[in-house]
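Throughout, protein chains are lettered first and strands after them, A, B, ... in sequence-line order, and every chain is numbered starting at 1. Every value quoted in this text rests on a predicted model; they were computed, and no experiment measured them. Reckoned from all heavy atoms, side chains included, excluding hydrogens, waters and symmetry mates.
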Amino acid sequence: MSSNICTRFAPSPTGFLHVGGLRTALYNYLFARNHAGKMILRIEDTDRARFVPGATESLIRTLRVMGIDYDEGPDKPGSSGPYLQSERTDIYQQHAEQLINQGDAYYCFCTPERLEQIRKQQESSNQQPKYDGYCRNLTTSEISHNLESGKPYVIRLKMPLQGESRFTDLIREEVVVQNELIDDQILIKSDGFPTYHLANVIDDHLMGISHVIRGEEWLLSVPKHLRLYQAFEWKPPAMAHLPLLLNPDKSKLSKRQGDVAVEEFLEKGYLPEALNNFVALLGWNPGDNQEIYTLPQLIEKFSLERVNKSGAVFDIQKLNWLNGQYLRQLTPQDRGKFLLPHLVKAGFDTTDHARTEKIIDAVYKRLSFGAQMGTEAVIFYSDNLVISEEQARMVLVKPTSKQVLAHFLKKLDSVNEVNVDIFRNIMKEVQQETGISKEDLWMPIRVALTGVTHGPDLPVVIEIFGKEKISRFVSQALAF
RNA sequence: GGCGCGUUCGUCUAGUGGUCUAGGACGCCGGCCUCUCACGCCGGUAACACGGGUUCGACUCCCGUACGCGCUACCA
């Protein structure tokens, strides 16, 4: 780890890891590893009102499952800690004071009510809402009087009133913002905690972050951050603002339109590798025609230059396809290990290991994700024939079907057990005796055994069923 | 409203002035395999937002318009 490249993923503990957060974390990880640099996990928990107990632990757990193996974080102490911003308040306080002393920040005693009022005024006159600078020029005696009388205050950044801020983003290139439009951002809230803007600048500097890779929603606050770096006389890190992940209707990806929590995808039986692969390709592409990449391959190929500028729709269909690809690539052992819990979750009896293995083997090619095990394997766990679809019912009422079923049952009675060879023999004999073949021959048996017109190969099904169950089901079908 | 960012098949994207009658993938449609569905294989459908420039030549460069999204909090 000889390079000076260092990235960070800095979520706030307000809930589960979001797929958008996963992508941000992944890009930070890929970039760091690609440059033989390191990555830090920092928890931005300065908003006490939105803090969710357990969220930090959940975030850490999910990142671990996803294989995003950062170098330092709350659970991995290193030289840059502490990694919880709530444990760094002294640092922020100290730096805020420095800013005040330098004249780069000022105390503001305005009440929320006054702030609300000026905002309303500005909005009604179609102006950009912005602090009016009332406390910018308070005299020192006014300030000390307010302070001494215990008046609540915040500390604000003193932004230049004119000129422009320009910076180069690694993804968006040149960005220019007029300074007069930038608010005197609150740096320290009245509860003494810093806002994101102050904390992230101080931490990024102190932790030696070389590249800030985060969502596009932060793009317009970069000038404020740059002003801070300037005031502290620090070298700002390189910036890369990622395009947003979108709902199918192109709005910002949200819970309202399907799942967004990584844990939920994991729960449903999506493989971490597939999720990473999919999410990596949302907004970035290595330029070849490959679709499936291992994590090491992603690391090797990743570059910020190839990150797109525009938002990407999270297309569940493609994820399903990709996850199916990964599922089918698994070794039989891994497949069994991965799919078994979903059989259990569906409430099926898995105590017979050999049988369970056969069932998994019979259906895995039909799955996009693990939870589909419940519907795909249900045919092996029902005790009675249930005809649930119209198509299946139509098969059974055909006269030829009754004929096939009757002959089949008679043949079945003459054997002691059923295996693939015996089954095939019986079918051949039924065909010869009835003159019925192909679909008219096989489909009645399929429907009689499974209740539906689709499913795994019949020989596979009959071997898992066994003679007794086959006989019972066919009798039921005959009586239908 | 103001400001910022963006705009290639329905979706993810390749494309960095001529190789584009625009390539790949998902989806969809058709075919093969087959008792069925799925898998797999083969084929098809479908896009440069619009208008001006610049240039011998624009998907590619510039400007404008439209549309989308983001920011506009004592939230991150």
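- Under 4.0 angstrom from either OP1 or OP2 of B:C12 there lies no side-chain N or O belonging to A:N308.
- Using N1 to N3 plus N6-O4 or O6-N4 for Watson-Crick, or N1-O2 and O6-N3 for G-U wobble, each under 3.5 Å, B:G18 pairs with B:C56.
- Taking atom CG of residue A:L253 and atom P of nucleotide B:U11, one finds them 16 Å apart after rounding to whole Å.
- Counting only N and O atoms by type, the side chains of A:D249 and A:S251 include a donor and acceptor under 3.5 Å apart.
- What separates CG of A:N323 from P of B:A25 is a distance of 20 Å, to the nearest Å.
- Note: CD (A:E439) to P (B:C33) measures 14 Å, nearest angstrom.
- The aromatic ring of A:W442 stacks onto the base of B:C35, its centre lying under 5.5 Å from the centre of the six-membered base ring with the two planes under 30° apart.
- Comparing B:C12, B:G6, B:C74 by their nearest atom to the side chain of A:V313 picks out B:C12.
- Using Watson-Crick or G-U wobble geometry with both donor-acceptor distances under 3.5 Å, B:G51 finds its partner in B:C63.
- Between the CG atom of A:L245 and the C1' atom of B:U13 there is a distance of 14 Å, given to the nearest Å.
- When heavy atoms are screened at a 4.0 angstrom cut-off, A:Q317 is found touching the sugar-phosphate backbone but no base atom.
- When both pairing distances are held under 3.5 Å, B:U11 makes a Watson-Crick or G-U pair with B:A25.
- When the C1' atom is compared between B:G43 and B:A49, the two are found 31 Å apart, to the nearest whole Å.
- An OP1 or OP2 oxygen of B:A76 is reached within less than 4.0 angstrom by a side-chain nitrogen or oxygen of A:T46.
- For the pair A:K189 and B:A76, the criterion of a side-chain N or O lying under 4.0 Å from OP1 or OP2 is met.
- Taking the ring axis of A:F473 as reference, the NZ or CZ atom of A:K469 stays within 45° of it and closer than 6.0 Å to the ring centre.
- Pair assignment for B:C41: B:G31, on the basis of Watson-Crick or G-U wobble contacts that are both within less than 3.5 Å.
- Residue A:G215 is classed as having no contact, given no heavy-atom separation below 4.0 Å to the nucleic acid.
- Across every strand in view, B:C3 sits in a pair with B:G70 that passes the Watson-Crick or G-U test at under 3.5 angstrom.
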